[in-house]
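Some notes on the structure that comes next.
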Amino acid sequence: MTTAPILEVKRLEKRFGAVVAATGIDVEVRPRDRIGIIGTNGAGKTTFVNMVTGYLEPSGGDIRFEGRSVLGRPPREVTRLGICRSFQVPQVFGSRTVLENLVMALALAEATGLALLADPWTSDRAERARRTLAEYGIGDQADREAGLVSQGVRKLLDIAMAMAHRPKILLLDEPTSGVSQEEKLAIMATVMEALDREGVTVLFVEHDMDIVARYAGRVLAFMEGRIIADGPPQDALNHPKVLEVIVGEGSFSGARATQREPADA
Amino acid sequence: MSAAPSATLAAAPASARPTRSRSPVLPITIGAVLVIAAGFAVPAWLLTILLFALFRAMVVLGLIVLLRAGLVSFGQALYFAVGAYAVGFLSRAGVNDALVRVLAGALAAGALGLVLGFLLRRYRGIFFAMLSLAFSMILYGLLVKSESLGSTDGFAIHATTYAGYAPDRSSERFALLVLSSVVAWAGAIAVALYLRGTLGRLAEAVRDNEIRVEYLGASVAMAVHVKYVIAATLAGVGGALAAMVIGHVDPAMAYWTNSGEFVFVMILSGSGSVFAPFLGALVFELIHAVATHYSPGAWRIILGSALLAAIMFVPGGLWSLMPKARRS
């Protein structure tokens, strides 16, 4: 039996003047999906992520999360509904320590009303933050300033902070960009392991096709603001247009050979 | 087991940053008691300097709340004047009670800050700073044109009473010192508690990264608005105290040079602690008094030089010279 979609995107469109950044985008995302989003630069991947998370207002179409439209809601409301994101350039508080970043994220996720006047720094919250950092493999960086740690650590912190709200959907915008080739696989392994434990639905924008083939259960291929392929990696990555424009013939080791076991299998 | 990415940059040494601070109530209370005790011992001229420093520090306390979010206002004289004129209006109506006057100054300035905050919260940087200044100049212009309010001369304020008690002339200044100290005590504790809470700490988060704050489910606009209202309220309290201390209100209270002096004191103070504005304001008033006494024609040159020296040699403000501040 097919479960109901958690996210439905219908005829989504975004225009910047005469430039069409996205058009006719239809996507249904089901709980615990692992969706890789691929495409050349300017294909509309980040525009899609920005629209789903409330950063950009679509020019047309609808985005429904658990049956209700999220159109017109600012990022903070979309976040509180359960759609969170990380960024291509990690968005952390550079002047605070890694631990303080996560404690603040947890405090903002958990405190409402007058509780926001209370000190965010509770021993319970600090302990949970340290545990989470350890799960993300950056526990030893906890007391260092976030602005001074490596890009890889900031990427993981960015994702850990996005998870503070315990989202139902997490969108990762190029989680491995700007880090060394050796760090890429380590980061994805760490992140996916942590996200598997939470059972969160994940959409990730990625340029490395080996990583897409390994971690995605489904691939959305974007080109010129449209989705040109949507399906399992072995199909989408071998779609003729995807091979021609995005993947390039023989440029990655192959979806069939490296596909990872689905998280919820 | 997951492999952790390496820290490829030489990271900062493990920080001993005191993320959880101790209760601010005791040190602030000790500070207030010391100021009141000083009132018994210091000569009259120094008592006046203490009074001026206290009302000025209240305004700067609010500026620090804004500064922590990366915002500077060059228009706090607006709220300072509103607080002062609120006392003036009460005085004309025959209301001279200290508590009522302070509350009226706070409420009038806070309410105006609440209204203007809807506009100001949309701006950052120089636009935020200059919009505040623009509003203060509008008020200045209105006050100058208002003959019923004494135009450029302003008008006098009746002496302050304390729950029915009217001190005689010999104890009037000391009573004002006790009032100012108690108000400053309450303001400093409120700000210290606010700054250690999640909303208060959000200021630094806003300064660092507004996008991340929004994507953590918090409203940047609301955070800025709250801080703006707090700063306006504290400036109003400062204005109310100033009106009672000086015994007179006039449009110069809203003039831009007054706003500049508040920013001057903020730079001189630093933003590391709620104690900083009191230290900075006291030093400012001392420099001002000494400079005008010994060199009436050149006191602005001396003040300007002091600001230059502060920026060049103590960029973190006077408070950063404190041993405890240096350790953290």
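Chain A is the first sequence line, chain B the second, and so forth, proteins listed ahead of strands; every chain is numbered from 1. Source: prediction; values computed, not measured.
Counting heavy-atom neighbours within 6.0 Å of Tyr194(B) OH, excluding the residue itself, gives a total above 12. In Lys184(A), the NZ atom is crowded: over 12 heavy atoms of neighbouring residues, nucleotides or ligands sit closer than 6.0 Å. Heavy-atom neighbours of Phe275(B) CZ from other residues, nucleotides or ligands within 6.0 Å: above the threshold of 12. No more than 12 heavy atoms of other residues, nucleotides or ligands lie within 6.0 Å of CG in Leu114(A), so this atom counts as exposed by the packing criterion.
The CE atom of Met161(A) lies 8.0 Å from the CG atom of Asn209(B); values are rounded to the nearest 0.5 Å. With rounding to the nearest 0.5 Å, the separation of CD in Glu214(B) from OG1 in Thr53(A) is 11.5 Å. From Met104(A), atom CE reaches atom CZ of Arg201(B) across 7.0 Å, with rounding to the nearest 0.5 Å. Atom CG of Leu199(B) sits about 4.5 Å away from atom CG of Leu116(A), to the nearest 0.5 Å. How far CG of Asp158(A) is from OH of Tyr215(B): 11.5 Å, rounded to the nearest 0.5 Å. The structure places CG of Leu117(A) at 9.5 Å from CG of Leu193(B), a figure rounded to the nearest 0.5 Å.
When atom types are taken as modelled, the side chain of Arg212(B) and the backbone of Val92(A) share no donor-acceptor pair closer than 3.5 angstrom.
In this structure, the portions of Arg85(A) lying under 4.5 Å from any heavy atom of chain B include both its backbone and its side chain. Only the backbone of Ala118(A) comes within less than 4.5 Å of a heavy atom in chain B; its side chain stays farther off. Heavy-atom distances place the side chain of Phe87(A), and not its backbone, under 4.5 Å from chain B. The parts of Leu202(B) that come within reach of chain A are both its backbone and its side chain, each placing non-hydrogen atoms under 4.5 angstrom from that chain.
For Pro120(A) against Arg196(B), the heavy-atom pair with the smallest separation is CD-O, 3.3 Å. The two residues Ala105(A) and Leu216(B) come nearest to each other via the heavy atoms CB-CD2, 3.7 Å. Of all heavy-atom pairs between Thr79(A) and Gly217(B), the closest is CG2-N, 3.9 Å.
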